[in-house]
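Order of the sequence lines fixes the chain letters, A, B, ..., with proteins taken first and strands second; residue numbering starts at 1 for each chain.
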Protein chains: 2
Amino acid sequence: MLNKTRGRPRGNPDTKARITAAARELFLKHGYPGTTVRAIAAAAGVDAALISYHFGSKQGLFSQSLDLLCVDPTALDQALRGDRDHLADRLLDSVTGLWDATGPVQSRMAVQDDDTMRALRDYLDGELRLRIAEFLGGPDATRRATAAVGVLGGLIFTRYLNPIRSIGALSPVDVRRVFGPALRAALSGRARG
Amino acid sequence: MLNKTRGRPRGNPDTKARITAAARELFLKHGYPGTTVRAIAAAAGVDAALISYHFGSKQGLFSQSLDLLCVDPTALDQALRGDRDHLADRLLDSVTGLWDATGPVQSRMAVQDDDTMRALRDYLDGELRLRIAEFLGGPDATRRATAAVGVLGGLIFTRYLNPIRSIGALSPVDVRRVFGPALRAALSGRARG
DNA sequence: GAGTTTTATTCAACACGGTTGAATAGTGCT
DNA sequence: AGCACTATTCAACCGTGTTGAATAAAACTC
């Protein structure tokens, strides 16, 4: 933008880092379409062409600036090991543990990214659901696993992706209290009303 | 676009309808950012400027082309009248009854629209949750209503907004079977595991 | 019905967005 | 030193949503 002599700069300043930092802040504040490449470049004190050069495209910068580890299979492995009685609590904890960390920052943005949503879908349906069914065993294991995925999807949706106040404000312990009964019933396939 | 003599056309062709029809189809096919105003105009056989004139903006056309009746308070009133035992089933039926009708068409698009998501949020948190709590009464009514909203949000999310196969493919009856136990447990606040 | 206002439409142009190609100045290897 | 490579700026391009003027039909008024 400003006359910063053409060509490679002195030293090896980590410009990519400065760009992603600025990108995170602006994407967060104004959303994906509301953030222009030129604005990011200006905030990072750099020319707009650089972000195409470094990240390929605006979409590329977006994807890379929120390195979505939302889908971390290792956390799942932890939850699916242990006794059946506390499975519900472990699942809930793994969700809050994973997503609370990333902050409402990336969560809200994730819903705008098509790839992220597909990844989440594939994970819930193709991975989590199958593993839970396998863990449960017994009759109706598939149906119960589907129900559990539905409940966990509800937690993810109402707490992170489109956070409603009464659920977003809960502490992780409260999440257990609120969602515990529903999730346990989903896993067992029965509820006393 | 093409030489269709300037000025008001003969008769009173319902151009707005042709535009919204074309818009629905294209938005559906390519998403909001992937659909250009000029493409919609071309598909409707009309100049691009017309859509700014009729709908104010591209966003306005988008909002109006999916007239979001997703949030219909009357369906809720029906569900909240009756005995406590079948409340869960009635709530589930009202969700499937309402959203299955609109087709996966508008549902998938809704998640891209900020206004729609806010409306849904406000409805779940400010309306549905309060009414359920009021209906339930007794201790912990608020917490149980919150849990119920979480479960219903899960159904909406995993079946309509970001539909995963195993839940999107269910019949309304199956939805009751799968989500029934979890929702009943949420409403009662207890589950036998 | 003639005259005026209002509405629906096209056209041309603007401002802005993301992206690209050329020019340039450093870094790193031999 | 020389050479390939990399990081950067600049100028330009093309596509986008939107706007203002021109125009023609409809709707209203007396």
Side-chain angles (χ1 to χ4, degrees), chain A residues 1-27 29-66 109 112-115, chain B residues 1-27 29-66 109 112-115:
Chain A
M1 195 179 197
L2 217 58
N3 297 339
K4 291 201 324 188
T5 61
R6 207 120 109 172
R8 186 172 186 155
R10 303 273 162 149
N12 275 340
D14 196 353
T15 318
K16 275 177 90 167
R18 277 212 326 280
I19 294 178
T20 53
R24 262 196 282 271
E25 180 176 330
L26 290 182
F27 279 140
K29 206 164 199 159
H30 307 112
Y32 180 80
T35 304
T36 93
V37 165
R38 284 174 164 90
I40 298 173
V46 95
D47 187 273
L50 247 202
I51 96 152
S52 271
Y53 174 76
H54 275 305
F55 303 93
S57 66
K58 182 189 182 184
Q59 179 65 42
L61 171 58
F62 184 73
S63 296
Q64 290 189 39
S65 68
L66 46 68
M109 300 198 323
Q112 294 177 333
D113 188 25
D114 227 359
D115 291 342
Chain B
M1 195 180 196
L2 219 58
N3 298 339
K4 290 201 327 189
T5 60
R6 209 120 108 170
R8 186 171 185 157
R10 302 274 160 146
N12 274 341
D14 195 353
T15 318
K16 275 177 91 167
R18 276 212 328 281
I19 293 178
T20 53
R24 262 195 281 271
E25 181 176 329
L26 290 182
F27 279 141
K29 206 164 198 160
H30 308 112
Y32 181 81
T35 303
T36 96
V37 165
R38 284 175 166 89
I40 298 173
V46 94
D47 188 272
L50 247 201
I51 98 152
S52 270
Y53 174 77
H54 276 304
F55 303 93
S57 65
K58 181 189 182 184
Q59 179 65 42
L61 171 58
F62 185 74
S63 296
Q64 290 190 39
S65 67
L66 44 69
M109 299 197 326
Q112 295 177 331
D113 188 25
D114 229 359
D115 291 340

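The two residues A/Thr20 and A/Ser65 have their closest heavy-atom pair at O-CB, 4.3 Å.
A donor-acceptor pair is defined here as one N or O able to donate and one able to accept, closer than 3.5 Å; such a pair exists between the side chain of A/Lys58 and the backbone of A/Tyr32. Using a distance-only test at 3.5 Å, with no hydrogens or angles considered, no donor-acceptor pair links the side chain of A/Arg38 to the main chain of A/Ala48. Put simply, the side chain of A/Lys29 never gets that close to the backbone of A/Thr35: no donor and acceptor are under 3.5 Å apart. Within the 3.5 Å criterion, the main-chain N or O of B/Ala44 finds a donor-acceptor partner in the side chain of B/Arg18.
Which of C/dT10, C/dG26, D/dT18 sits closest to the side chain of A/Arg8 comes down to C/dG26. With C/dT19, C/dT24, D/dT18 as the choices, the nucleotide that has an atom nearest any side-chain atom of A/Arg6 turns out to be C/dT24. Comparing atom distances between the B/Leu50 side chain and each of D/dT9, C/dT19, C/dT10 picks out C/dT10 as nearest. Candidate nucleotides D/dA26, C/dT19, D/dC10 were compared by shortest atom distance to the side chain of B/Asn12, and D/dA26 ranks first.
One interatomic measurement links the two molecules: NZ of B/Lys4 to P of C/dT10, which rounds to 5 Å at whole-angstrom precision. One atom, CZ of A/Arg18, and another, C1' of D/dT8, lie 11 Å apart when rounded to the nearest Å. Between A/Asp14 atom CG and D/dA7 atom P there is a gap of 10 Å when expressed in whole angstrom units. Regarding A/Ile19, its CD1 atom lies at a distance of 10 Å from the C1' atom of D/dA7, rounded to whole Å. If you take CZ of B/Arg10 and C1' of D/dA26, they are 11 Å apart, rounded to a whole angstrom. Taking atom CZ on B/Phe55 and atom P on D/dT19, their separation rounds to 15 Å, with Å as the unit. Nucleotide C/dT9 holds its P atom 8 Å from the OH atom of B/Tyr53, rounded to whole Å. Look at CG on A/Leu61: it is 11 Å from P on C/dG18, rounded to the nearest Å.
Applying the 4.0 Å criterion to OP1 and OP2 of D/dT6, one finds that A/His54 has every side-chain N and O outside that range.
Nearer the 5' end of DNA chain C, as judged by each residue's closest nucleotide, is the contact made by B/Thr15, out of A/Ser52 and B/Thr15. When the nearest nucleotides of DNA chain D are assigned to A/Ala49 and B/Tyr32 by heavy-atom distance, the more 5′-ward of the two goes with A/Ala49. Comparing B/Gly7 and B/Ser57 by the nucleotide of DNA chain D that holds the closest heavy atom to each, the one mapping nearer the 5' end is B/Ser57.
Between the side chain of A/Arg38 and the base of C/dG18, at least one donor-acceptor pair of N or O atoms lies under 3.5 Å.
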